Amino acid sequence: MAEDPYLGRVIPAFEGGIITRVITHPSHSDRAFAYEVTFLLQHPRVVAVASQKPPLHFHPHQEEYLQVLEGRLALEIEGEENILSPEDGEVTIRPWVNHRLYSPVSNDRGDDLKLTKFLLSAESTPELFRLDTVFFENWYAYQDQIVVKGEKIDLIQVMSMFDAGGSYLSLPRWIPFSRTIAQALGIVVGRWIGGILGYQPFHRKWTTDWEFACRKMEMSFFQRRFADRSKTS
């Protein structure tokens with residue numbers, strides 16, 4: 001097995017307010033990735049976005065796993081918020097389940113917390129458009145453009161990145177076949193139309209394993225033009 005170029009790497013976001021360390025899972029070394037994530041809840045950048053929840057989404061191809069090590073973490077599943085703590089052990093998020101996770105700092109119960117630390121991992125899958133570190137590295141970097149540099153969020157860019165990371169923005173549950181439609185929209189808008197318009201899911205300046213990012217983009221006729229291994233920035 002090839003050595004993981006990300007193992008041991010620390011991926012900061014929000015000017016150090018969120019710190020993600022790439023590790024080997026302590027009890028499941030066969031998982032697609034494993035991170036030790038720390039939210040510094042009193043960091044100014046984290047406080048500034050505390051009232052804003054990340055997008056609700058789902059993953060068709062992978063189970064995702066959470067285990068809080070310290071503090072508390074909010075996990076919303078199908079519209080119901082759960083506050084996780086170390087006593088809850090590992091929590092499994094099944095494929096196709098609408099969810100999002102975020103710091104509970106916006107909740108009065110979490111005002112006294114200084115940090116939340118948790119393990120995040122996902123099962124392996126042969127699908128190339130999947131949750132992996134290439135996706136998270138680029139997604140964190142893009143969020144920094146919004147939160148730190150004040151750029152406006154671009155829905156097509158988000159859909160392009162999410163699709164390449166095996167993730168799709170959730171639609172209201174009352175819409176018939178909402179998950180199937182959401183996945184189709186992610187592919188058509190994010191991958192096909194986005195590719196035609198010049199939106200790429202991964203950027204060389206944000207990517208450690210550019211070779212793997214190129215292999216992922218080469219899987220799509222609409223994105224393969226972005227897989228330029230001669231790029232240096």
Side-chain angles (χ1 to χ4, degrees), residues 4 6-14 16-43 45-125 130-133 135-137 139-140 143 162 165-170 173 178-179 182:
D4 183 355
Y6 288 102
L7 190 61
R9 181 176 173 81
V10 174
I11 305 173
F14 293 12
I18 298 176
I19 302 169
T20 300
R21 185 165 64 92
V22 184
I23 63 173
T24 298
H25 196 281
S27 54
H28 299 281
S29 60
D30 60 337
R31 290 191 174 166
F33 62 83
Y35 310 137
E36 181 186 84
V37 184
T38 302
F39 290 169
L40 300 178
L41 303 182
Q42 297 181 9
H43 190 286
R45 291 295 184 186
V46 176
V47 172
V49 299
S51 62
Q52 304 173 34
K53 295 181 180 180
L56 195 64
H57 62 282
F58 62 90
H59 314 294
H61 307 299
Q62 291 166 283
E63 287 187 342
E64 196 172 13
Y65 310 101
L66 293 171
Q67 183 176 355
V68 176
L69 304 176
E70 185 176 347
R72 294 191 291 272
L73 182 69
L75 172 63
E76 182 181 327
I77 294 184
E78 300 295 356
E80 180 178 344
E81 183 181 78
N82 302 275
I83 304 299
L84 305 179
S85 67
E87 289 73 28
D88 292 300
E90 185 174 82
V91 175
T92 300
I93 303 171
R94 303 293 182 188
W96 297 99
V97 170
N98 296 312
H99 67 281
R100 56 185 161 195
L101 61 92
Y102 45 91
S103 161
V105 70
S106 60
N107 189 306
D108 289 342
R109 293 173 296 178
D111 285 346
D112 59 332
L113 291 177
K114 293 185 177 180
L115 65 82
T116 290
K117 184 179 293 186
F118 61 97
L119 294 180
L120 175 67
S121 61
E123 69 173 324
S124 295
T125 174
R130 65 179 184 237
L131 284 173
D132 55 29
T133 308
F135 161 71
F136 279 107
E137 189 175 39
W139 176 237
Y140 279 152
Q143 288 185 90
F162 266 44
S167 308
Y168 299 93
L169 299 175
S170 302
R173 287 181 291 168
S178 61
R179 292 171 178 81

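Reckoned from all heavy atoms, side chains included, excluding hydrogens, waters and symmetry mates. What you see is a predicted model; the values in this text were computed from it and never measured.
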Centre-to-centre under 6.0 Å for Y6 and F33, is that the case here?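 When the ring centroids of Y6 and F33 are compared, they turn out to be at least 6.0 Å apart.
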Value rounded to 0.5 Å, distance of [atom1] in [X] from [atom2] in [Y]:
| X | Y | atom1 | atom2 | answer |
| --- | --- | --- | --- | --- |
| L131 | E64 | CG | CD | 5.5 Å |
| F118 | L84 | CZ | CG | 10.0 Å |
| R100 | K53 | CZ | NZ | 5.0 Å |
| L119 | Q67 | CG | CD | 5.5 Å |
| L120 | E36 | CG | CD | 11.5 Å |
| T125 | H61 | OG1 | NE2 | 6.5 Å |

Which heavy atom of [X] sits nearest to which heavy atom of [Y], and what is that distance?
| X | Y | value |
| --- | --- | --- |
| P55 | L169 | CB-CD2, 3.7 Å |
| T24 | A34 | C-CB, 4.3 Å |
| A74 | I83 | CB-CD1, 3.9 Å |
| S124 | R31 | OG-C, 3.6 Å |
| P60 | P95 | O-CB, 3.5 Å |
| S85 | R72 | CB-CG, 4.5 Å |

Any side-chain heavy atom of [X] within less than 4.5 Å of one from [Y]?
| X | Y | value |
| --- | --- | --- |
| W139 | S167 | no |
| F14 | Y140 | no |
| V10 | T20 | no |
| T133 | I11 | yes |
| I93 | L75 | yes |
| E123 | Y65 | yes |

Any salt bridge between R94 and E63, counting N to O under 4.0 Å?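 A salt bridge links R94 with E63.
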E78 with R179: basic N within carboxylate O range, under 4.0 Å: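 Salt bridge between E78 and R179, a charged N being under 4.0 Å from a carboxylate O: yes.
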What orientation do H99 and H57 show, parallel under 30°, tilted 30 to 60°, or perpendicular over 60°?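 Aromatic pair H99/H57 classed tilted.
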Tell me whether the rings of F58 and Y168 are parallel (<30°), tilted (30 to 60°) or perpendicular (>60°).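 Judged by the thresholds at 30° and 60°, the geometry between F58 and Y168 is tilted.
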Of I19, L115, I18, which is the lone residue that meets side-chain contact (heavy atoms from CB on, under 4.5 Å) with F39?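 Answer to the side-chain contact (heavy atoms from CB on, under 4.5 Å) test with F39 among I19, L115, I18: I18.
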Picking from V97, N98, L101, what satisfies side-chain contact (heavy atoms from CB on, under 4.5 Å) with I77?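 Of the listed residues V97, N98, L101, the side-chain contact (heavy atoms from CB on, under 4.5 Å) partner of I77 is V97.
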Show, in sequence, the C-alpha distance, side-chain angles and deciding distance for Y102 and E81, and conclude whether the side chain to side chain contact (heavy atoms under 4.5 Å, CB included) test is met. CA-CA 10 Å; Y102 45 91; E81 183 181 78; 2.6 Å; yes
H25 side chain to S27 backbone, donor-acceptor under 3.5 Å: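 It does hold such a pair.
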